[in-house]
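Remarks on the structure that follows.
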2 protein chains.
Amino acid sequence: MPPTSPTLTAERILEATEEVLRRHGPAKATVVDVARALGVSHGSVYRHFRTKAALREAVTKRWLDRTTDLLAEIAGAPGLDAETRLRDWLAALFAAKRRKAFDDPELFATYSVLTTETAETVVSEHIADLTGQLTAIVRDGVASGAFTAADPSVAARALFRATDRFHDPHYAREWEQPGVQDDFDALVGLLLRGLRARA
Amino acid sequence: MPPTSPTLTAERILEATEEVLRRHGPAKATVVDVARALGVSHGSVYRHFRTKAALREAVTKRWLDRTTDLLAEIAGAPGLDAETRLRDWLAALFAAKRRKAFDDPELFATYSVLTTETAETVVSEHIADLTGQLTAIVRDGVASGAFTAADPSVAARALFRATDRFHDPHYAREWEQPGVQDDFDALVGLLLRGLRARA
DNA sequence: CAGCTGACAGATATTGAATTCTGTCAGCTG
DNA sequence: CAGCTGACAGAATTCAATATCTGTCAGCTG
């Protein structure tokens with residue numbers, strides 16, 4: 001049962017934790033389960049993570065960072081005008097969240113729980129990362145004369161807030177309803193109209 | 001203890017229910033409590049409301065309608081241009097929710113629970129009412145040449161969605177943080193810019 | 001006889017005793 | 001001696017027995 005043991009590393013613990021969470025769900029996943037999956041005693045897990053909460057936080061961060069990295073590519077895409085990048089970025093964020101929620105509802109529910117329990121540190125950093133990417137796009141747009149915005153970072157926050165419904169897990173159950181894509185397109189259209197510089 | 005009994009009416013039951021909910025909270029408020037507060041047997045309550053869920057739904061509707069009525073006055077205010085009414089309306093919605101959340105946190109939490117449990121019927125009607133008011137304002141703006149919008153009702157939905165963060169109870173805990181008013185103003189500014197007709 | 005009561009069956013919630021889990025640490029092992 | 005183990009205390013969770021609540025209805029009352 002216990003798999004081969006090529007030295008116990010934080011990374012291997014995180015992988016095992018993700019697997020245990022997927023199997024048992026957030027309510028029943030225990031540190032002992034994680035240790036068992038790795039073929040070690042649970043004391044060893046505590047050598048790498050001071051508390052169970054810290055372990056869950058690290059796993060959550062990993063998960064959120066995967067989305068951040070994906071979007072960073074779009075934010076920094078070369079040769080595209082700011083408006084296209086902004087549209088693509090917002091669409092990619094929505095698509096990524098929707099895909100996660102649809103493809104593996106159990107795991108998505110698990111991470112929804114994790115993000116509410118770790119709210120303060122990890123999630124707000126994640127949001128800061130994302131609005132940072134948005135700020136870069138808006139700033140480019142202002143520089144190229146495509147957008148008007150007194151303060152790009154303020155505009156970026158406003159964009160992120162305005163689209164909450166399309167990326168906050170709290171609204172996930174609405175993402176499968178018929179008209180969502182139209183609602184999303186209408187909102188993005190309105191926001192871009194507000195951002196565009198006047199002729 | 002039992003108060004004077006001037007015939008048992010649905011309205012009196014709703015008042016008593018609200019009081020019981022305020023006292024005991026949503027988890028512990030029972031139909032028997034409501035009956036006791038009215039000095040009747042709980043069987044009598046079931047004469048007016050088929051189930052406990054129906055009673056809670058009716059109380060929730062009452063609560064939501066109070067906000068709807070308040071905003072209807074602004075939506076229909078005579079002699080004000082559409083942009084001012086739209087600004088006022090959105091500000092009034094945010095202010096009303098924030099006031100409720102701040103003045104009586106327990107009751108607000110109670111109704112937050114009620115709205116999630118009765119989600120489908122009552123709440124979606126409430127949202128339909130509100131976006132209906134928004135649609136009327138946008139339509140007026142289009143008619144007067146102040147706004148551009150292919151379909152006012154689509155624009156109204158987008159406006160309502162975009163401002164979710166400032167009226168959905170789910171975000172209530174963020175309404176007391178320092179920068180919220182600025183965030184709100186920035187978002188409304190961006191949305192109005194998007195709505196305004198070009199010169 | 002319209003409106004109310006209160007006893008009742010089944011569903012739901014509460015309680016506390018027993019189990020399981022978290023986090024520590026003295027000592028084992030390679 | 002760095003890294004791991006496993007027994008342990010206190011915290012948290014489960015589970016089953018017990019109590020309370022919901023919804024009904026036959027019959028009482030004004």
Side-chain angles (χ1 to χ4, degrees), chain A residues 1-60 109-110 113-114 116-119 121-122, chain B residues 1-60 106 109-110 113-114 116-118 121-122:
Chain A
M1 199 60 162
T4 57
S5 324
T7 69
L8 189 57
T9 150
E11 183 60 22
R12 285 191 62 228
I13 295 176
L14 291 177
E15 268 162 34
T17 305
E18 198 165 49
E19 182 56 23
V20 167
L21 280 167
R22 188 196 304 275
R23 274 204 157 77
H24 298 11
K28 293 203 179 162
T30 73
V31 176
V32 173
D33 290 332
V34 173
R36 187 168 28 235
L38 289 163
V40 299
S41 99
H42 74 283
S44 301
V45 173
Y46 281 97
R47 175 162 302 278
H48 292 84
F49 296 93
R50 280 213 322 293
T51 65
K52 182 186 187 181
L55 174 57
R56 292 181 150 226
E57 225 176 86
V59 157
T60 306
T110 293
V113 170
L114 290 184
T116 62
E117 85 187 15
T118 66
T121 324
V122 179
Chain B
M1 199 57 164
T4 56
S5 324
T7 69
L8 190 57
T9 148
E11 183 60 23
R12 285 191 62 227
I13 295 176
L14 290 177
E15 268 163 33
T17 305
E18 197 165 47
E19 181 56 24
V20 167
L21 281 167
R22 188 194 305 273
R23 274 204 157 78
H24 298 9
K28 293 203 180 163
T30 73
V31 176
V32 173
D33 290 332
V34 173
R36 187 166 31 237
L38 289 162
V40 300
S41 100
H42 74 284
S44 302
V45 173
Y46 281 96
R47 176 163 303 278
H48 292 84
F49 296 92
R50 279 212 324 291
T51 64
K52 183 186 188 182
L55 174 58
R56 291 181 151 223
E57 225 176 84
V59 157
T60 306
E106 299 242 330
T110 292
V113 171
L114 290 184
T116 62
E117 86 186 14
T118 66
T121 323
V122 178

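Throughout, a chain's letter reflects where its sequence line sits, starting with A, and its residues are numbered from 1. The shown structure was predicted, so the numbers you read here are calculated from the model rather than taken from an experiment.
Across A:His42 and A:Val31, no two heavy atoms sit closer than the pair CB-CG1, 4.1 Å. Taking both residues in full, the closest heavy atoms of A:His24 and A:Asp33 are given as CD2-OD2, 3.2 Å, listed atom of the first, atom of the second, then distance. B:Arg50 and B:Ala54 get closest at one heavy-atom pair: N-CB, 4.5 Å.
In this structure, B:Phe49 places its CZ atom 15 Å from P of C:dG3, rounding to the nearest Å. Remark: P of C:dG3 and CG of B:Leu38 are 17 Å apart, rounded to the nearest angstrom. For the pair B:Tyr46 OH and C:dC4 C1', the computed distance is 16 Å after rounding to whole Å. For the pair B:Lys52 NZ and D:dC21 C1', the computed distance is 8 Å after rounding to whole Å. Rounded to whole Å, atom C1' of C:dC21 lies 12 Å from atom CZ of A:Arg36. Nucleotide D:dG3 holds its P atom 11 Å from the CG atom of A:Leu8, rounded to whole Å. Atom CZ in B:Arg47 sits about 10 Å away from atom P in C:dT5, given to the nearest Å. Per the geometry, CG belonging to B:Leu55 stands 13 Å off C1' belonging to D:dG23, to the nearest Å.
Phosphate contact (OP1/OP2 of C:dT22, side-chain N/O of A:Thr51, threshold under 4.0 Å): absent. Residue B:Ser41 has a polar side-chain atom (N or O) positioned under 4.0 Å from OP1 or OP2 of C:dT5. Regarding contacts with the backbone of C:dG3, every side-chain N or O of B:Thr7 stays at 4.0 angstrom or more from both OP1 and OP2.
Under the side-chain contact (heavy atoms from CB on, under 4.5 Å) rule, B:Val40 has a single partner from B:Ile13, B:Val34, B:Leu8, which is B:Leu8.
Nearest to the side-chain atoms of A:His42 among the listed nucleotides D:dT24, D:dA7, D:dT5 stands D:dA7.
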### Verdict with supporting geometry, B:Leu21 and B:Leu114, side chain to side chain contact (heavy atoms under 4.5 Å, CB included)
CA-CA 10 Å; B:Leu21 281 167; B:Leu114 290 184; 3.9 Å; yes
### Query
When you look at B:Leu55 and B:Leu14, which way does the side chain to side chain contact (heavy atoms under 4.5 Å, CB included) test go after all the steps?
CA-CA 8 Å; B:Leu55 174 58; B:Leu14 290 177; 4.0 Å; yes
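Both A:His48 and B:Gly43 lie near DNA chain D, and the one whose nearest nucleotide falls closer to the 5' end is A:His48.
Formation of a donor-acceptor pair under 3.5 Å by the B:Arg56 side chain with backbone atoms of B:Pro26 is found in this model.
Within residues 24-34 of chain A, the residues that have a heavy atom under 4.0 Å from DNA chain C are, in order of number, A:Thr30, A:Val31, A:Val32.
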#### Entry: Secondary structure of DNA chain D in dot-bracket form (Watson-Crick or G-U wobble, distances below 3.5 Å, | marking inter-strand pairs)
||||||||||||||||||||||||||||||
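By the 4.0 Å N-to-carboxylate-O rule, A:Arg22 lies too far from A:Glu18 to be salt-bridged with it.
Counting heavy atoms of neighbouring residues, nucleotides and ligands inside a 6.0 Å radius, atom CD of B:Glu11 exceeds 12 of them.
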